[in-house]
A.B. asks: 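Please read through the structure below; I'll follow up with questions.
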Protein chains: 2
Amino acid sequence: MNRPLDQTDWRIIAALQEDGRLSFNQLGRRVNLSAPAVAERVRRLEESGVIAGYQARIDPVRAGLPLTAFVQLRCALTKCLLKTTNSDEFPEVVEVHKLSGNWCSMLKVRVASMPHLEGLLERIGTHGEMNSHVVLSTQYEGRAVEPPPTDPQLASRSEGWRR
Amino acid sequence: MNRPLDQTDWRIIAALQEDGRLSFNQLGRRVNLSAPAVAERVRRLEESGVIAGYQARIDPVRAGLPLTAFVQLRCALTKCLLKTTNSDEFPEVVEVHKLSGNWCSMLKVRVASMPHLEGLLERIGTHGEMNSHVVLSTQYEGRAVEPPPTDPQLASRSEGWRR
DNA sequence: CGTGAAAACACATGCAC
DNA sequence: GTGCATGTGTTTTCACG
């Protein structure tokens, strides 16, 4: 329903992922556009949902949640975590994805301590078989999304089977 | 090195995770504080690193990256992805975590298409054994971090072995 | 550590081009 | 798309509790 994003849009997106509080003046300077022009583009990006919002990035370690873990879940179908619980029951769960493959879902959780993690896993475990991975360190997270490649080679790679 | 976060700090953190562009006026209204008071607290939170920055949330689907996948990697020690490559080589990789357990790292990747994913996995695969999980749908992501529980029961759970 | 009001500043917005 | 004028909202400072 929308025009594809051009290069300038992507420069705006990059700048706002770096600093979401840039004014239209500052932003315009970075992308070589006047303030009104950039304001109009940002308005479009927000309206079309490309920009879904703005948020402060909280460092979980300094906020008292130094432990991160990934939890894979193979739900018992009748009591799938995704359906039977509202998310308020598990504020520690900051991400939930439904997966293809053997495991039906992938959670990312933030906790304050090992006992906290242990207790959380016990509560989650009632929903099905479980597999957890404790994060030792995080190289990066919430990295800026970049424009997809336009490389025609890439688009044609799957054509190999035709010949 | 810093005072622990009080309840007001957490209300500020919650508000700024919801809307990172709130002015001190609006923010103050939400947490029942005057603008100067809230400005001082935010300054402290930024300085101490609890607030690590502000960023626009980009919807990867609308931005042309509708596919997300998790990739677990068991690196060949000599050519570990974490050490041998700079992150610019893999703009599709938006998260990198080092893990305990069998798999040495967990990546989250965003791609434009299946051929794109296939090509990326081939490139990543040169760094070691690999295990990938395609995300079918995402319930939520980048959920607001909440204050850790103060529940004493939780902190004492690990004492069970003493008796 | 908080308030409230006033000052200086920067910003978003509209319009002519 | 630009550049500028305008009015509004903001940040910031300060005296005070």
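Quick caveat: nothing in here was measured; it's all calculated off a predicted structure. To find a chain, count down the sequence lines: A is the first, B the second, and so on, and within it residues start at 1.
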A.B. asks: Taking CZ from A:Arg41 and P from C:dT13, how many angstroms apart are they, rounded to a whole number?
C.D. replies: 17 Å

A.B. asks: Quantified in whole Å, what is the P atom distance between nucleotide C:dT13 and nucleotide D:dT11?
C.D. replies: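 It comes out at 15 Å once rounded to the nearest Å.
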
A.B. asks: Do A:Arg57 side-chain atoms and B:Gln55 backbone N/O form a donor-acceptor pair below 3.5 Å?
C.D. replies: no

A.B. asks: How long is the span from the NZ atom in B:Lys108 to the CD atom in A:Glu95, to the nearest 0.5 Å?
C.D. replies: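 Output value for this atom pair is 3.5 Å.
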
A.B. asks: Between the side chains of A:Arg43 and A:Glu46, is the shortest nitrogen-to-carboxylate-oxygen separation below 4.0 Å, so that they form an ion pair?
C.D. replies: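 Answer for the salt bridge query: no.
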
A.B. asks: Out of C:dG2, C:dC1, D:dT2, which nucleotide sits closest to the side chain of A:Leu33?
C.D. replies: D:dT2

A.B. asks: Are the side chain of B:Arg123 and the backbone N or O of B:Glu89 linked by a donor-acceptor pair below 3.5 Å?
C.D. replies: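 Side chain of B:Arg123 to backbone of B:Glu89: a pair is present.
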
A.B. asks: Rounded to whole angstrom, note down the P distance from D:dT12 over to C:dA12.
C.D. replies: 15 Å

A.B. asks: Over how many whole Å does the gap from A:Glu40 atom CD to C:dC11 atom P extend?
C.D. replies: 20 Å

A.B. asks: Roughly how far apart are B:Arg41 CZ and B:Arg11 CZ, rounded to 0.5 Å?
C.D. replies: 10.5 Å

A.B. asks: Judged by atom type as modelled, is there a donor-acceptor pair below 3.5 Å linking the side chain of B:Arg21 to the main-chain atoms of A:Leu22?
C.D. replies: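 Yes; judged by distance alone, with no hydrogens or angles, the pair exists.
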
A.B. asks: Indicate whether OP1 or OP2 belonging to C:dT13 is found under 4.0 Å from a side-chain N or O atom of A:Arg43.
C.D. replies: no

A.B. asks: When every nucleotide of nucleotides 5-17 of chain D is labelled 5' to 3' by its protein contacts under 4.0 Å (heavy atoms), B for base, S for sugar-phosphate only, - for none, what sequence of letters results?
C.D. replies: -----SB-B----

